[in-house]
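The sequence lines fix the lettering, A, B, ..., with proteins before strands; numbering per chain opens at 1.
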Number of protein chains: 2
Amino acid sequence: MIYLDHCATTPMSAKALDTYTKTAQSFYGNEQSLHDDGEAASQLLQHCRAKLTTIIHGKSEGIYFTSGGSDSNITALLSLAYGNEDYGKHIITSPLEHPSVYQALNRLNQEGFSVSEVKVKSNGEVCLDSLQQLLRDDTILVTITHASSETGVIQPLKDIGRILEGKNVVFHSDTVQTFAKVPIDITSYQLDAISISAHKLNGPKNCGACYIAPGTNWKGLYSGVTHQQGWKPGTIDIPGVTAFTEAALAFHEHHAETTAYWKRMQQWMLTNLSDDVFSLFGDIDNRLPHHLALRAKGKEGQWIMLECNRNGIAISSGSACKSSDSSPPKSLIAMGHTAEAAHGLFRISFGKDTTYRELEKTVEVLHRITA
Amino acid sequence: MIYLDHCATTPMSAKALDTYTKTAQSFYGNEQSLHDDGEAASQLLQHCRAKLTTIIHGKSEGIYFTSGGSDSNITALLSLAYGNEDYGKHIITSPLEHPSVYQALNRLNQEGFSVSEVKVKSNGEVCLDSLQQLLRDDTILVTITHASSETGVIQPLKDIGRILEGKNVVFHSDTVQTFAKVPIDITSYQLDAISISAHKLNGPKNCGACYIAPGTNWKGLYSGVTHQQGWKPGTIDIPGVTAFTEAALAFHEHHAETTAYWKRMQQWMLTNLSDDVFSLFGDIDNRLPHHLALRAKGKEGQWIMLECNRNGIAISSGSACKSSDSSPPKSLIAMGHTAEAAHGLFRISFGKDTTYRELEKTVEVLHRITA
């Protein structure tokens with residue numbers, strides 16, 4: 001199988017697996033335990049926190065571990081909303097978000113918060129004027145993804161940060177698709193919180209983190225929790241966290257070369273796919289380097305995906321987290337596409353080890369099935 | 001270090017680690033993805049569900065994966081309460097529960113549910129008469145642990161099931177300390193739901209499950225979730241789940257020998273610890289086979305734990321999930337002990353590989369530090 005669905009999930013790298021194994025053998029204590037085995041686990045955890053924050057120029061005490069991207073988004077958004085509800089109950093988001101963001105916001109909405117969505121430009125970027133207009137005195141939280149897995153378009157977080165500057169508004173971003181791949185500077189973007197997942201960057205599944213800038217108000221979902229300063233109950237997965245840290249650092253340290261490699265591949269694909277049949281959704285330059293959101297004239301994305309699968313190529317027709325949902329991608333509708341066009345979406349996403357040979361085969365199959 | 005804190009967490013077994021590694025290498029797809037890599041992951045997951053349910057005589061469609069014991073308890077209790085609130089808002093629990101049970105119930109209490117606690121007998125078993133008396137027409141849920149990690153006393157789930165028979169009450173038990181170690185028969189115990197954790201039985205951390213008997217009402221915490229029939233969002237950790245299944249089956253298949261080995265060890269410890277100094281909390285027979293809840297005359301449990309640690313022995317002075325909480329164990333107070341006596345609690349819990357040599361050293365140290 002040629003695996004071109006790295007935005008859905010990635011295989012664990014050999015080094016991450018090795019780190020997992022070694023940690024599981026040597027640091028199996030419960031970091032809450034007060035004996036030396038617990039203390040050793042706790043110290044290793046601190047080390048991982050410090051290492052992870054170098055990637056985003058944050059402070060190690062801002063890292064809270066979770067069980068993945070959805071958990072990060074839900075826990076962050078609820079905790080930030082509850083921690084700031086004394087200042088207001090208005091939240092701003094976009095139509096580009098991961099399902100877990102809407103799951104959290106729907107719950108907040110049921111609990112009396114109101115949620116507005118910014119408009120999106122035809123190139124897939126959020127409209128900054130729309131954000132300006134939506135801001136109210138009672139706005140406490142803005143959550144805009146760094147890049148949606150559907151469109152792959154990178155959002156202008158720095159500009160959003162500038163708009164929110166000096167306002168008493170918490171700025172959160174779902175960086176699940178970008179962390180350690182696309183540079184994120186917490187300070188210069190004026191971000192207060194981000195969500196991260198390990199299995200999108202060759203780390204383990206069921207593992208992720210939130211960064212919450214120290215000083216940001218938040219309130220845990222459950223009272224009486226002693227783990228992670230009340231953030232989230234449950235024994236921390238030290239082997240998972242160390243493997244995650246290993247995988248994230250491997251991406252971060254080689255991010256410039258990987259980006260250059262991917263960008264050439266992206267360009268190669270676009271050059272070699274016939275313009276008469278295939279078109280790109282979203283901005284051509286300002287996008288995830290390993291991602292192409294495409295459409296083949298007159299074909300459903302789901303059909304393309306299934307035909308590719310029959311030919312030994314794994315791609316996706318949208319977010320795996322809503323693969324059983326048949327409505328057209330909300331993000332594409334927000335960009336002004338018709339439902340028919342939006343249903344055409346199929347997504348190709350590269351990994352570190354993707355080869356040109358695999359892309360050649362993919363281009364050949366795509367032309368054959370659409371001929 | 002002699003590790004005698006297996007109720008806090010256990011090291012992953014070599015076979016579980018090997019299973020994790022092999023699965024991570026071969027089944028890395030997202031089980032929600034519709035291509036063959038996703039389908040292979042999904043089929044493996046089904047296989048694990050079927051295997052896990054053989055341990056409790058359940059049905060494979062009743063297994064829902066979680067990120068561990070706390071997550072299992074919280075998700076189960078909230079989902080069961082929300083799914084049955086049309087029938088009433090009264091919940092019964094015990095003073096023997098894991099902190100995560102109280103975290104969920106406190107939240108439900110804030111949301112308008114009322115929670116009662118059954119009385120406990122001096123041997124650490126819940127009082128069945130008290131349960132009978134607490135039952136009301138609007139009782140929708142009873143949650144009683146199978147065995148608390150503090151006292152180790154096994155609760156009469158079968159008798160509780162009999163009391164609830166024919167009533168419209170969901171019966172849940174936290175079986176984190178017992179699953180695959182102490183027999184559980186979902187059907188004959190008339191249990192509707194249980195919580196399970198993988199890292200208590202030499203499986204991976206951040207991994208667990210709930211069993212919810214098919215036909216039991218529940219309502220997911222978040223709307224719009226496509227994973228696991230709406231149970232919980234997030235990509236399922238297939239390597240973790242297979243390693244968990246491997247570890248659970250290994251325990252289950254050898255449970256009779258392991259229990260016999262542990263029971264001899266338990267007896268050996270009690271015989272060799274001086275009666276003048278050491279006493280046992282809770283029932284002597286009806287307890288987890290790998291667990292001793294002890295007290296040394298005139299000494300704080302915390303002090304015993306720290307002195308053991310200085311001598312290279314890892315034990316605990318209560319639940320690791322509340323190690324930073326200095327109040328006396330609630331379970332022991334409920335059994336009628338004074339706060340001073342309850343503060344004396346220290347816990348020794350064996351693993352599969354614990355040796356008599358390790359126990360000899362432990363007995364020697366315990367006598368020396370208390371002399």
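Proximity of Asp5(B) to Ser33(A): side-chain heavy atoms (C-beta onward) are separated by under 4.5 Å at one or more points. Residues Tyr20(B) and Pro239(A) form no side-chain contact, since every pair of their non-hydrogen atoms from C-beta on lies 4.5 Å or further apart.
Proximity to chain A is absent for every atom of Ser197(B), based on heavy atoms less than 4.5 angstrom apart. Ser223(B) touches chain A through backbone and side chain together, each having a heavy atom under 4.5 Å away. Looking at Ile74(B), only its side chain comes within 4.5 Å of chain A, counting heavy atoms on both sides. Using a 4.5 Å cut-off between heavy atoms, Leu78(B) touches chain A through its side chain atoms alone. Proximity to chain A (any heavy atom under 4.5 Å) is shown, for Glu39(B), by neither the backbone nor the side chain.
Minimum interatomic distance between Thr66(A) and Asn206(B) (heavy atoms only, all atoms of both residues): O-ND2, 3.9 Å. Looking at every heavy atom in both residues, His35(B) comes nearest to Met305(A) through N-SD, 4.3 Å. Shortest non-hydrogen contact noted between Thr9(B) and Gly29(A) is CG2-C, 3.7 Å. In this structure, Ala24(A) and Met12(B) approach most closely via the heavy-atom pair CB-SD, 4.2 Å. Contact between Asn30(B) and Ala8(A) at its shortest, heavy atoms only, is ND2-O, 3.5 Å. Of all heavy-atom pairs spanning Ala314(B) and Asp37(A), the tightest one is CB-OD2, 3.9 Å.
A side-chain donor-acceptor contact under 3.5 Å links Lys205(A) to the backbone of Tyr28(B).
Note on Thr10(A), Leu221(A), Ile238(A): by heavy-atom pairs under 4.5 Å with chain B, the leading option is Leu221(A). Chain B forms the most heavy-atom pairs under 4.5 Å with one residue out of Pro11(A), Gly208(A), Ser67(A), and that residue is Pro11(A). When each of Asn106(B), Asp18(B), Thr21(B) is scored by its heavy-atom pairs under 4.5 Å with chain A, the top score falls to Thr21(B).
Of the inter-residue distances, the one linking Ser100(B) atom OG with His227(A) atom NE2 reads 9.0 Å to the nearest 0.5 angstrom. With rounding to the nearest 0.5 angstrom, the CG atom of Leu17(A) is 9.5 Å from the CG atom of Leu17(B). Rounded to the nearest 0.5 Å, atoms NE2 (His199(B)) and CG (Asp237(A)) are 9.5 Å apart. Taken to the nearest 0.5 Å, the CG atom of Leu306(A) stands 9.5 Å off from the CG atom of Asp36(B). For the atom pair OH of Tyr222(B) and OG of Ser70(A), the computed distance is 11.0 Å after rounding to the nearest 0.5 Å. Atom OG of Ser317(B) sits about 6.0 Å away from atom CG of Leu34(A), to the nearest 0.5 Å.
When the ring pair (Phe, Tyr, Trp, His ring centres under 6.0 Å) test is applied to Tyr64(B), the partners found at least two apart in sequence or on another chain are Trp218(B), Trp231(B).
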